[in-house]
*Asks:* 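The structure under discussion is supplied below as structure tokens; questions concerning it will follow.
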Amino acid sequence: MSQYWSDIVHHLTPYVPGEQPKLQNLVKLNTNENPYGPSPKVIAALQAEAADSLRLYPDPDSSRLKAAIADYHGLNSNQVFVGNGSDEVLAHVFQALLKHDQPLLFPDITYSFYPVYCGLYGITFETVALNEQFEIAVDDYLRPNGGIIFPNPNAPTGIPLALSEIERLLKANTQSVVVIDEAYVDFGTESAVSLVNQYPNLLVTHTYSKSRSLAGLRVGYAVGDAGLIEALIRVKDSFNSYPIDRFAEAGAVAALQDEAYFQQTRQQVIAARDQLVLGLQSLGFEVLPSGANFIFARHQNYSGEQLATSLREQAVIVRHFKKPARIAEFLRITIGHEAQHQALMQALRSVIQA
Ligand SMILES: Cc1ncc(COP(=O)(O)O)c(C=O)c1O
């Protein structure tokens with residue numbers, strides 16, 4: 001604390017990201033990174049970019065990347081916004097599109113950055129409880145609001161919402177922006193990108209951090225009506241003209257050009273998830289249905305805290321949320337590769353059979 005702080009800083013409760021441990025040899029299943037490295041074509045593009053041209057600023061409009069994303073989704077470039085990770089894209093979305101007199105709505109159990117942005121930008125919000133099965137119930141959002149945002153699949157539950165339900169929400173809610181945060185969509189959830197040309201109030205965000213294995217490059221984007229995108233560009237150009245550096249643009253474009261690698265690795269993650277679910281169920285875990293690259297699981301005989309602590313003692317780290325109480329017994333486990341799953345299962349067996 002310091003007398004020099006702006007007033008708002010005293011009242012901020014910042015987001016706490018999952019731990020990035022300095023220790024080697026940990027089985028790291030806590031931040032939903034991809035167990036596979038990026039496409040070799042991305043590495044080659046990054047190497048080519050390490051050149052004299054780095055003395056020059058990058059393209060402030062990231063035109064090449066926007067065109068590649070637009071082409072990938074069958075949209076126009078003016079329907080695409082790119083940023084330094086989807087967290088930055090979301091920050092601009094909150095400020096540009098979700099700050100209104102009526103409260104913003106999002107689930108009570110969801111990505112914990114949403115209330116943090118509300119604190120930063122002074123946005124009033126109300127949380128909407130997930131149903132008994134930990135699902136998003138669209139009917140509960142059909143009330144006056146200044147905007148609606150949720151991830152699909154939701155985090156940290158991993159549960160997907162059917163596209164027909166999202167369309168039902170869009171049909172009923174036409175007066176405010178609906179943001180679908182599709183950070184994990186490529187792991188088996190239906191995307192709402194196919195609806196953006198029909199609904200001018202729909203914005204869909206994606207990240208390169210998960211299915212494209214590029215969490216370290218920091219690239220995210222939003223697609224939607226050109227009017228919504230224009231609002232994001234105005235905020236971005238009032239904040240930082242160059243959020244996408246030369247490496248990020250080159251790497252992100254190259255990633256989109258290697259569809260075969262993308263398909264192969266995402267299918268491997270999905271297959272590994274299905275195997276891990278079976279393994280955990282055989283140890284007595286209840287696992288929520290997942291359309292993501294992580295699973296959310298609890299055990300009736302062992303507390304979430306006890307399991308997370310024992311795993312850590314055995315050099316396996318997973319994410320455990322102490323709050324809210326409804327999810328305190330769950331562990332969120334990122335899908336890893338075969339050897340990591342074996343280490344996880346072995347560590348769990350030693351606790352559960354002890
Ligand atoms: C639901 C959700 N949205 C957005 C993000 C942000 O991803 P990034 O900033 O790496 O693009 C995350 C990261 O974990 C997430 O879980």
Side-chain angles (χ1 to χ4, degrees), residues 14-20 28-35 38 62 65 69 80-94 98 104 106-118 120 127 130 134 136 148-161 166 178-189 191-193 203-223 232 236 239-240 243-245 247-249 251-252 255-256 269 288 290-296 317-321 327 330 332-336:
Y15 175 73
V16 183
E19 183 189 352
Q20 294 294 342
K28 187 176 178 308
L29 302 175
N30 68 329
T31 47
N32 299 340
E33 288 135 338
N34 201 308
S62 309
L65 177 55
I69 293 168
V80 180
F81 178 80
V82 292
N84 186 256
S86 60
D87 278 342
E88 186 188 75
V89 173
L90 287 167
H92 293 338
V93 169
F94 273 70
L98 301 178
L104 172 66
F106 51 81
D108 61 341
I109 296 167
T110 196
Y111 186 34
S112 48
F113 224 136
Y114 299 162
V116 175
Y117 295 130
C118 290
L120 179 61
T127 58
L130 298 181
F134 296 95
I136 290 170
I148 296 172
I149 182 166
F150 54 79
N152 193 32
N154 195 14
T157 63
I159 299 179
L161 182 66
I166 290 178
V178 175
V179 182
I180 310 295
D181 173 352
E182 295 192 344
Y184 302 100
V185 76
D186 294 324
F187 301 105
T189 296
S191 173
V193 171
L203 192 84
V204 181
T205 61
H206 275 208
T207 178
Y208 273 73
S209 302
K210 315 296 177 181
S211 57
R212 302 276 175 186
S213 303
L214 287 169
L217 202 63
R218 310 306 299 128
V219 181
Y221 63 92
V223 296
L232 299 175
K236 172 239 167 202
F239 178 81
N240 176 8
I244 301 286
D245 64 45
F247 287 105
E249 182 158 36
L256 282 185
V269 170
L288 300 188
S290 172
N293 70 336
F294 58 85
I295 45 136
F296 210 45
I317 50 172
V318 299
R319 194 104 195 244
H320 173 240
F321 301 91
I327 59 166
F330 282 88
R332 193 198 67 188
I333 306 172
T334 302
I335 302 308

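Quick note: residue numbers are just sequence positions, from 1. For ligands, and for the atoms within them, numbers begin at 1 and follow the listed sequence.
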*Asks:* Can you list the ligand 1 atoms lying under 4.0 Å from a non-hydrogen atom of Ser209?
*Replies:* 8 (P), 10 (O), 11 (O)
*Asks:* Just jot down the side-chain contact (heavy atoms from CB on, under 4.5 Å) partners of Ala248, sequence neighbours excluded, or say none.
*Replies:* Leu217, Val219, Ile244, Asp245
*Asks:* Tell me the protein heavy atom at minimum distance from atom 6 (C) of ligand 1, and give that distance in Å.
*Replies:* Asp87 OD1, 3.1 Å
*Asks:* Answer yes if the ring centres of Tyr117 and Phe106 are under 6.0 angstrom apart, and no otherwise.
*Replies:*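 Judged by ring-centre distance (under 6.0 Å), Tyr117 and Phe106 do not meet the cut-off.
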*Asks:* Using a heavy-atom cut-off of under 4.0 Å, does the side chain or the backbone of Ser86 touch ligand 1, or both, or neither?
*Replies:*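 Looking at Ser86 and ligand 1, atoms from backbone and side chain both fall under 4.0 Å.
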*Asks:* Starting from atom 5 (C) of ligand 1, which protein heavy atom do you reach first, and at what distance in Å?
*Replies:* Tyr111 OH, 3.5 Å
*Asks:* For the side-chain contact (heavy atoms from CB on, under 4.5 Å) test, which of Thr207, Leu98, Ile149 pairs with Leu90?
*Replies:*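 Testing each of Thr207, Leu98, Ile149 against Leu90, the sole residue satisfying side-chain contact (heavy atoms from CB on, under 4.5 Å) is Ile149.
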*Asks:* How about Phe294 and Tyr184: are their ring centres within less than 6.0 Å of each other?
*Replies:* yes
*Asks:* Please could you name the atoms of ligand 1 that Lys210 approaches to less than 4.0 Å, counting only its heavy atoms?
*Replies:* 13 (C), 14 (O)
*Asks:* Just heavy atoms, cut-off under 4.0 Å: does Arg218 contact ligand 1 by side chain, backbone, both, or neither?
*Replies:*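 The part of Arg218 near ligand 1 is the side chain, not the backbone.
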*Asks:* Short list, please: which atoms of ligand 1 are under 4.0 Å from a heavy atom of Gly85?
*Replies:*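 Here the atoms of ligand 1 in question are 9 (O), 11 (O).
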*Asks:* Answer yes or no for Asn32: is there a heavy-atom contact with ligand 1 below 4.0 Å?
*Replies:* no
*Asks:* Answer with yes or no after comparing the ring centroid distance for Phe94 and Phe113 against a 6.0 Å cut-off, counting only values under it.
*Replies:* no
*Asks:* Of the protein's non-hydrogen atoms, which lies at the shortest distance from atom 1 (C) of ligand 1, and what is that distance?
*Replies:* Asp181 OD2, 3.4 Å
*Asks:* Which atoms form the tightest heavy-atom contact between Ala183 and Lys210, and what is the distance?
*Replies:*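 Looking at all heavy atoms of both residues, the closest pair is O-CG, 3.5 Å.
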*Asks:* Applying salt bridge (Lys or Arg N to Asp or Glu O under 4.0 Å), name anything that partners Glu33, two or more places apart in sequence or on another chain.
*Replies:* Lys28
*Asks:* With a 4.0 Å cut-off on heavy atoms, is Tyr184 in contact with ligand 1?
*Replies:*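 True for this residue.
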